[in-house]
Amino acid sequence: MSSKTVRKLLERDPEFVAKFLTGPSSALKEYGIDPETLPEKQVHALEAMVQQTQENIRTNAKLVGVEMAKSEWGIGMGCCNDVNTRFME
Amino acid sequence: MKTLAIYLTGACNLRCKHCSVGFDQYRPRQALSDDDIIRVLDRAREREVEFITFLGGEPFYSPHDLPRIFGHAEALGINVSVNTNLFFYERLEELFGYTSLQNVVVSVDGASAESHDAMRGKGSFERTVGNLRKLVKTRNALRPDITIDVTFALSDLNRRDNLKMFRLAEDIGIDCLNVNIVQPIGRAGKFRQRVMGDDAGYIEALVQIFIYFLASKPAFKLSVPIPPAVAAFINQKYAVPMEVFTNERMCGGTSVYTYVDLMGNLLPCPGLSYEEGRNSLMNRRQSRLSIVDHKISEIEESSLFQAFETARKTHSKNALFDPCNRCAFSDRCSPCTSAYYKTGADLEISLCKRVSNLVAESGEQFSVFKQTDLSESF
Ligand SMILES: C[S@@+](CC[C@H](N)C(=O)[O-])C[C@H]1O[C@@H](n2cnc3c(N)ncnc32)[C@H](O)[C@@H]1O
Ligand code: SF4
Ligand code: SF4
């Protein structure tokens with residue numbers, strides 16, 4: 001697997017993104033790549049991709065709107081007053 | 001006050017591992033009569049409450065005359081939401097003719113039978129999700145105004161399904177995914193180790209939920225109650241922008257909602273009357289708090305409501321909670337107020353405590369929590 005494949009995954013597979021950003025080595029392993037054997041050039045490429053992915057997420061976060069305290073709410077202790085978040089058109 | 005929650009019954013057909021209701025399930029106390037519930041709805045109308053939420057136990061596992069109750073709510077112009085495990089679909093279907101039915105919240109605790117059934121019992125995934133698909137179909141055809149939520153109580157038994165839940169939710173076509181942070185109360189206290197698991201794995205599962213949401217832009221809403229300290233930690237460690245998910249006002253007791261218990265007491269919040277930690281005062285109808293005998297506005301004058309509201313507004317109880325007592329957000333955060341009024345409850349805010357444990361174990365720098373006095377550890 002090359003860094004190109006990783007880029008594709010980061011662009012298209014939100015599950016991979018979530019796993020990669022919380023645990024890069026275990027995510028790579030799960031998707032069949034041994035991070036230990038990556039050539040240095042590819043490691044640098046990966047680092048740049050992580051930054052790009054985080055940038056995309058920050059951009060998306062700006063599109064999220066909040067609705068406080070709607071009718072919907074859970075009853076777990078201390079989580080009653082919901083914040084509902086959704087992407088705005 | 002926007003919402004009045006009514007604990008319709010403690011009884012339930014299931015015995016979920018994490019259930020906060022605890023012993024109420026199999027030693028159900030009395031429930032209010034249909035006439036009493038109708039009375040409560042009238043009181044809610046008088047107080048201009050917008051929403052009624054029926055909780056349990058399992059609301060559809062109770063002998064109440066639900067069509068009568070929903071019909072009365074409709075006549076009063078009150079919207080109703082109901083929390084359910086959706087085992088008894090036929091009883092919900094009976095209510096489709098009432099415009100008062102506006103929101104159904106269905107508990108789905110995994111994207112597969114394996115994890116959902118580990119929490120809710122064998123065969124429950126198939127039944128609940130099968131009925132949920134039916135519900136969405138019927139809703140789309142007959143009542144597009146009804147919103148359908150799924151509540152996923154994130155625990156150690158289902159955290160590996162955290163992301164698959166998004167795909168399931170998308171596939172079913174719900175309107176909102178609520179992620180409940182599992183609280184170690186009731187049966188979750190009894191099965192603590194299995195339900196709570198380890199802190200690092202739990203927090204990571206939570207972080208992945210935020211990243212997935214932001215990366216996938218689903219068509220439904222996401223609702224996860226995150227106190228500011230936890231948000232700050234996630235932002236620091238994983239660079240996830242957390243502003244929109246952060247809630248400094250998690251306690252809505254007395255202001256956003258109040259709660260009617262099985263005895264007909266009006267209480268500031270649901271946390272005050274489950275079996276576990278329930279104050280013995282709540283075992284009977286209190287003359288001062290009885291919604292059957294008093295207007296809501298009168299009960300709001302009671303010392304319990306006044307004390308609760310003051311505590312919530314002034315954040316005064318934060319000094320007693322761990323780790324609120326050493327948190328930089330302590331002067332503006334309103335976490336669970338009811339915990340203070342319970343008997344034998346842990347004076348801690350579980351999710352923040354988990355983050356504080358993680359920070360302590362890893363030795364990471366995290367300036368939100370002040371270091372505890374070293375003498376405490378000896
Ligand atoms: C107590 S149930 C009552 C309604 C219905 N029987 C059901 O299961 O949806 C309401 C919601 O609270 C959640 N819940 C129960 N115990 C909890 C706990 N200890 N922490 C967080 N959420 C909990 C359930 O998963 C469910 O979504
Ligand atoms: S969570 Fe709901 S379905 Fe499960 S035992 Fe508790 S009340 Fe019953
Ligand atoms: S530790 Fe307490 S005050 Fe601080 S964010 Fe958590 S709940 Fe709020």
Side-chain angles (χ1 to χ4, degrees), chain A residues 6-31 46-89, chain B residues 2-3 5 20 50-51 53 55 79 81 83 102-103 105 147 149 151 153 163 166 176 178 180-183 185 204 207-209 211-218 220-225 238-241 243-247 249-253 256-257 269-271 335-336 338-339 349-350:
Chain A
V6 178
R7 168 169 297 143
K8 262 193 201 147
L9 283 168
L10 285 174
E11 281 166 5
R12 286 177 207 166
D13 183 348
E15 181 156 345
F16 180 76
V17 175
K19 288 180 175 168
F20 188 73
L21 292 186
T22 47
S25 339
S26 58
L28 289 172
K29 273 186 203 142
E30 189 184 327
Y31 281 72
L46 278 183
E47 280 164 5
M49 278 181 230
V50 169
Q51 279 181 9
Q52 183 56 49
T53 310
Q54 275 167 344
E55 189 51 44
N56 294 345
I57 282 179
R58 270 196 293 278
T59 309
N60 284 353
K62 293 194 184 113
L63 304 173
V64 178
V66 171
E67 296 164 30
M68 279 291 285
K70 292 258 321 218
S71 59
E72 308 94 330
W73 49 277
I75 65 162
M77 183 173 73
C79 59
C80 297
N81 195 18
D82 275 14
V83 176
N84 284 297
T85 50
R86 75 143 81 233
F87 280 92
M88 298 304 174
E89 309 315 326
Chain B
K2 234 180 164 161
T3 301
S20 50
E50 283 172 59
F51 301 101
T53 294
L55 300 173
N79 295 325
S81 163
N83 277 238
Q102 283 291 321
N103 176 236
V105 185
T147 52
D149 294 13
T151 295
L163 307 179
F166 279 88
C176 184
N178 307 312
N180 266 17
I181 304 301
V182 77
Q183 302 293 333
I185 49 176
E204 189 174 293
V207 176
Q208 289 180 345
I209 287 173
I211 299 176
Y212 190 102
F213 177 76
L214 292 172
S216 72
K217 301 210 265 170
F220 50 83
K221 290 188 263 187
L222 175 70
S223 170
V224 193
Y238 300 96
V240 179
E243 289 82 356
V244 288
F245 304 113
T246 311
N247 193 354
R249 288 180 291 158
M250 295 217 285
C251 178
V256 183
Y257 46 78
C269 132
C336 177
S338 75
I349 300 300
S350 165

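Annotation: maximal heavy-atom pairing with chain B below 4.5 Å, among A:N60, A:T22, A:L21, occurs at A:T22.
We find that A:E55 and A:R58 are joined by a salt bridge, their nearest charged nitrogen and carboxylate oxygen being less than 4.0 Å apart.
Taking CG of B:N178 as the reference point, atom CZ of B:F220 lies at 11.0 Å (rounded to 0.5 Å). Atom-to-atom distance recorded for B:E50:CD and B:N79:CG is 8.0 Å, nearest 0.5 angstrom. Here CG of B:N180 is found 8.5 Å from OG of B:S223. Values are rounded to the nearest 0.5 Å.
Proximity to chain B (any heavy atom under 4.5 Å) is restricted, for A:Q54, to the side chain, taken from C-beta onward. With a threshold of 4.5 angstrom between heavy atoms, A:K19 approaches chain B through its backbone and through its side chain. Using a 4.5 Å cut-off between heavy atoms, B:V182 makes no contact with chain A at all. Contacts of B:F166 with chain A are absent, with no heavy-atom separation under 4.5 Å from either backbone or side chain.
In summary, the aromatic rings of B:F213 and A:F87 are positioned with their centroids under 6.0 Å apart.
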